[in-house]
Amino acid sequence: MLTTTTATLSCSSSSASQLPPLFHSLSPNPISLRFSSTLQLTKTRTRPTLKTLTRQKCQLPALRVSANYEAAPATAEASTVPLEMKAWVYEEYGGVDVLKFDTKVAVPELLDDQVLIKVMAAALNPVDFKRRQGKFQSTDSPLPTVPGYDVAGVVVKVGGQVKDFKVGDEVYGDIHEKALDGPKQSGSLAEYTAVEERLIALKPKNLDFAQAASLPLAIETAYEGLERTGFSAGKSLLVLNGAGGVGSLVIQLAKHVFGASRVAATSSTGKLELLKSLGADLAIDYTKENIEELPEKFDVVYDAIGQCDKAVKVVKEGGSVVALTGAVTPPGFRFVVTSNGAVLKKLNPYLESGKVKPVIDPKGPFPFSKLVEAFSYLETNRATGKVVIDSIQ
């Protein structure tokens, strides 16, 4: 369960439903002062209440596709970690209205294999709002929840068994090893978050925190999906929704990492040039063309939009169809990504060389105070690339 730091002192009762007002004072320096957080996870099976997330009041004294930005150095000392942090929380499933901002969430203590990260930026994924809507309650962790999968930030504390990271390291990753199976109650949309060292990697040196935060879950999904199909050099690929968070990275990985002979991708009219800039040999306007009528078939079709019934009609005999969402039509298959810092480490050279680039929606990054607006936008399914949150404070 999620717990707050406690003290043997007399505390006056405070209604847990009275959440503090949204913090609006944003720093003019978006790099040095971006940070976020998570909560303490314990092994007790007691169902938490909102009071476990909030302290009682005690009587105490333009479209960004880039890989050439040189990030400003960030440093942090463990001694500066506060006892409490700001975080977004929901204590019931539902729409964006269940999201509440809280300034009195306890900073988590670490397990031996974890690092504590001062979050500089985070990103939103469809799995975030599907989880909040209760789409996988049976395998979710107990409420209340601090949402967020993707993180980029600075290590401020390390557990006793951590070997590969130290205080001051700039890192990024997907903090939930299994996206749907018991994800942490405390996610990355807070000032601090705790994560196992095996799930993260050093941040690419040429990317800023917002760019790095846009990558982990999407690039790991893109990579794992291609690997599961046995994709290799010389094969052809069709990506449905090539301008989305995952699709934009599938194009780039297929072309520049796996050595695809031909990559085709679909999008709306206004995003066709983006597809070409990412490496697509054929950019298809889905508003004007029916993929089922294409004159060619592909070794692999990566469906990132939910059109598996159409995807299976343009795959070669013996080929593979990856279906991320929607109904699955044989021979299509679905998988749930496993967070893996080793994959990020493997892909870092491609990111640092600029062969693979993050794609951030031009409406962002959104400040931490505008999380509800960011989620509302993501849920329109009109985002290009990733929706990113920064100015976390």
Student check: side-chain heavy atoms of Ile389 and Leu371 closer than 4.5 Å: yes
**Asked** Any salt bridge between Arg198 and Asp164, counting N to O under 4.0 Å?
**Response** no
One should read off an interatomic distance between Lys297 NZ and Glu317 CD, to the nearest 0.5 angstrom, of 10.5 Å
Q. Can you find a heavy atom in the side chain of Val154 that is under 4.5 Å from one in the side chain of Phe209?
A. yes
Stepwise salt bridge (Lys or Arg N to Asp or Glu O under 4.0 Å) check, Asp150 with Lys386: CA-CA 11 Å; Asp150 290 323; Lys386 291 298 294 293; 3.0 Å; yes
Value for OH (Tyr350) from CD1 (Ile219), rounded to nearest 0.5 Å, stands at 11.0 Å
Interatomic distance, OG1@Thr266 vs CG@Asp285, rounded to 0.5 Å, equals 9.5 Å
d(Leu143 CG, Thr145 OG1) to nearest 0.5 Å is 4.5 Å
- Query: Thinking salt bridges, do Asp361 and Arg382 make one under a 4.0 Å N-O criterion?
  - Reply: no
**Residue pair Asn348 / Tyr172, side-chain donor-acceptor N/O under 3.5 Å** = yes
Rounded to the nearest 0.5 angstrom, the CE-NZ distance for Met120 and Lys203 is 9.5 Å
Exercise. Is the shortest distance from a Lys or Arg side-chain nitrogen in Lys100 or Glu91 to a carboxylate oxygen in the other one below 4.0 Å?
Worked result: no
Quick check: is Val156 connected to Val146 through a chain of hydrophobic side chains (ILVMFWY, heavy atoms under 4.5 Å apart)?
yes
- Task: Would you indicate whether the side-chain heavy atoms of Thr338 and Glu224 approach each other to under 4.5 Å?
- Result: yes
Check: Can you tell me if CZ on Phe129 sees more than 12 non-hydrogen neighbours from other groups inside 6.0 Å?
Finding: yes
All heavy atoms of Leu189 vs all of Leu124, minimum pair found to be CD1-CD2, 3.9 Å
Leu99 and Pro147 have their tightest heavy-atom pair at CD2-CG, 4.1 Å
*Stepwise, does the side-chain contact (heavy atoms from CB on, under 4.5 Å) test hold for Glu292 with Gln307?*
CA-CA 11 Å; Glu292 299 170 79; Gln307 296 180 344; over 6 Å; no
Only one of Val257, Leu347, Leu215, Ile251 passes side-chain contact (heavy atoms from CB on, under 4.5 Å) with Val356, and that residue is Val257
Connected to Val301, directly or through other members, by ILVMFWY side-chain contacts below 4.5 Å are Leu238, Leu240, Leu282, Ile284, Ile291, Leu294, Phe298, Ile305, Val312, Val314, Val315, Val321
Is any side-chain heavy atom of Pro183 closer than 4.5 Å to a side-chain heavy atom of Glu177? no
Cation-pi check for Phe375 against Arg132: NZ or CZ below 6.0 Å from the six-membered ring centre and within 45 degrees of the axis, yes or no?
yes
Check your understanding: side-chain contact (heavy atoms from CB on, under 4.5 Å) between Leu199 and Asp174: does it pass, once the steps are laid out?
Key -> CA-CA 7 Å; Leu199 306 186; Asp174 169 5; over 6 Å; no
Parallel, tilted or perpendicular for Phe368 and Phe101, by the 30°/60° rule?
-> perpendicular
Worksheet item: Does some side-chain heavy atom of Tyr93 sit less than 4.5 Å from a side-chain heavy atom of Gln137?
Response: yes
Correct closest heavy-atom pair for Thr384 and Pro362 would be CB-CD, 4.4 Å
ask   = In terms of ring plane angle, is the pair Tyr377 and Phe366 parallel, tilted or perpendicular, where the classes change at 30° and 60°?
value = tilted
- request: Examine Phe231 together with Tyr223 and report whether their ring centres are nearer than 6.0 Å.
  value: no
Item checked: pair Leu272-Ser267: side-chain heavy atoms closer than 4.5 Å -> yes
**Prompt:** Between Thr139 and Asp181, does any side-chain donor sit less than 3.5 Å from a side-chain acceptor?
**Reply:** no
**Asked** With a 4.5 Å limit on heavy-atom distance, are the side chains of Val246 and Leu324 in contact?
**Response** yes
Under 3.5 Å, is there a donor-acceptor pair between the side chain of Asp102 and the main chain of Lys104? yes
Charged N-O contact under 4.0 Å between Lys184 and Glu196
yes
Pair Arg131 + Asp140: basic N to acidic O under 4.0 Å
yes
Note to self: Please determine whether side-chain contact (heavy atoms from CB on, under 4.5 Å) holds for the pair Ser339 and His176, giving the CA-CA distance in whole Å, both sets of side-chain angles, and the decisive distance to 0.1 Å.
What the structure shows: CA-CA 6 Å; Ser339 177; His176 303 293; over 6 Å; no
Would you say that Lys313 contacts Lys310 through its side chain, given a criterion of any heavy-atom pair below 4.5 Å between the two side chains? no
Heavy atoms of other groups near Lys345 NZ, more than 12 under 6.0 Å: no
- [ ] Decide, yes or no, whether a salt bridge links Glu296 with Arg262 under the criterion of side-chain N to carboxylate O below 4.0 Å.
- [x] yes
On a heavy-atom basis, the closest approach of Tyr286 and Ser268 is CE2-N, 3.2 Å
Rounding to 0.5 Å, atoms CG (Asp128) and CD (Glu379) come to a distance of 9.5 Å
Honestly curious: do Val328 and Val239 fall in one hydrophobic cluster under the side-chain, below-4.5 Å linking rule? no
Task: Check: Lys235/Ser261 side-chain N/O donor and acceptor closer than 3.5 Å - done: no
Practice task
Please step through side-chain contact (heavy atoms from CB on, under 4.5 Å) for the pair Glu227 and Phe258, ending with a clear verdict.
Solution key: CA-CA 9 Å; Glu227 276 212 323; Phe258 286 84; 4.1 Å; yes
Exercise. Just by modelled atom types, is the Val158 backbone N or O under 3.5 Å from a matching donor or acceptor in the Gln114 side chain?
Worked result: no
Heavy-atom closest pair (Ile175 atom, Ser186 atom, distance to 0.1 Å) is CD1-O, 3.6 Å
